[in-house]
Amino acid sequence: INAHIKKYGWIEMLNYIGNILNFDRLLTMIGSVKDKKAQKVRKKKVSEDFQFILDIAAFIGYSRQSGAEYSSIFSYKLNGYLNNTANKLNISFREMLYLTPDEIIYFLKEDKNPKPTIEKRQNGDWLIYGDKNEQVKVSDNDTVIQDLKEKMVPKAQKNSTVINGQIGNKGLIKGRVSIIMATDDFHKFKDGDILVTTMTTPDFIILMQKSKAIVTDIGGLLSHASIVSRELDKPCIIGTKFATQILKDGDLIEVDANNGIVKILKRNEE
């Protein structure tokens, strides 16, 4: 078991976020696995041309997933180094994620306090992007941010009662909505809520385990939400684009993950 933990310590990490796998967490994961009877699979003969397409699709799927896994392994390997860097800056690891690499180097070299910069970003709108020279840039200019939102963020019809998406894992369930955009919102999530978010990351797993179903704005069949929902066997609809814009906390909805449809049954009037 310890060898497994050491080898797969990265399994719940993505983009530097998430916890390193430990013994207690592994036991929890093992305990949540349902005892399913093995299903008999009938093998069908297909044409050589179609088999070629299947082989290519399998290779593409493997390549995409391998990229995500190597990224998680990289996050895992850097975890200790990055936590030590945060300690030198006298901030938490989470707070350090509000800084660009150049800013981290600057604050370390100049021995300056990064807290004011971090607090400003925690309390206001800001965006991070790569320029033409692939340099990381940050802007807190309201005009620039609003302009980019207008150009890049899809607009939803606020009076929509039906939202379409892609099936992450099949199932049909009704429940109350809980919009969770970041870890700061975790406290409001209740057991049995339907998790609605932009996308999930490893630190969302605790909420995914408590949820009846999962609905995300973005993601594909190999996204974190899809993979974990299949492991937990919970209904999941991904790639809705507008779920976090249209739905509100407390709305009663039906998640029809057999057809990729979210229906609003009753609006929360509070």
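Excluded from the calculations below are hydrogen atoms, water molecules and symmetry mates; all remaining heavy atoms, backbone and side chain alike, are included.
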Q: Identify, with sequence neighbours excluded, every residue that meets salt bridge (charged side-chain N to carboxylate O under 4.0 Å, His left out) alongside Arg176.
A: none
Q) What pairs with Asp193 under side chain to side chain donor-acceptor pair (under 3.5 Å), at least two apart in sequence or on another chain? A) none
Q. Applying salt bridge (charged side-chain N to carboxylate O under 4.0 Å, His left out), which residue pairs with at least one partner in residues 68-97 are found, sequence neighbours left out?
A. Arg94-Asp203, Glu95-Lys115
(Q) List the residues meeting side chain to side chain donor-acceptor pair (under 3.5 Å) with Asp140, not counting sequence neighbours, and say none if there are none. (A) Lys120
Q. side-chain contact (heavy atoms from CB on, under 4.5 Å) with Phe93: which residues, sequence neighbours excluded?
A. Tyr16, Leu82, Asn83, Met96, Leu97
Q.
According to ring pair (Phe, Tyr, Trp, His ring centres under 6.0 Å), does anything in residues 54-84 pair up with another residue at least two apart or in another chain? List the pairs.
A. none
Q: Using the side-chain hydrogen bond (donor to acceptor under 3.5 Å, both in side chains) rule, collect all pairs that involve residues 45-54, keeping only residues at least two apart or in two chains.
A: Gln51-Asp55
Would you mind writing out the side-chain donor-acceptor pairs for residues 234-244 within the sub-3.5 Å range, not counting sequence neighbours?
residue	atom	partner	partner atom	Å
Lys234	NZ	Met208	O	3.1
Lys234	NZ	Gln209	O	2.4
Lys234	NZ	Ser211	O	2.6
Thr240	OG1	Thr216	O	2.9
Thr240	OG1	Ala243	N	3.3
Thr244	OG1	Asp217	OD2	2.4

Q | Qualifying residues under side chain to side chain donor-acceptor pair (under 3.5 Å), relative to Lys263, sequence neighbours excluded | A | none
Q. For Asp249, what residues pass the salt bridge (charged side-chain N to carboxylate O under 4.0 Å, His left out) criterion, not counting sequence neighbours?
A. Lys188
Q: Mind checking side chain to side chain donor-acceptor pair (under 3.5 Å) for Ser75 and listing every partner two or more places apart, or none if nothing turns up?
A: none
Q: Could you pull out all residues at least two apart from Val138 that satisfy side-chain contact (heavy atoms from CB on, under 4.5 Å)?
A: Thr100, Arg121, Trp126, Ile128
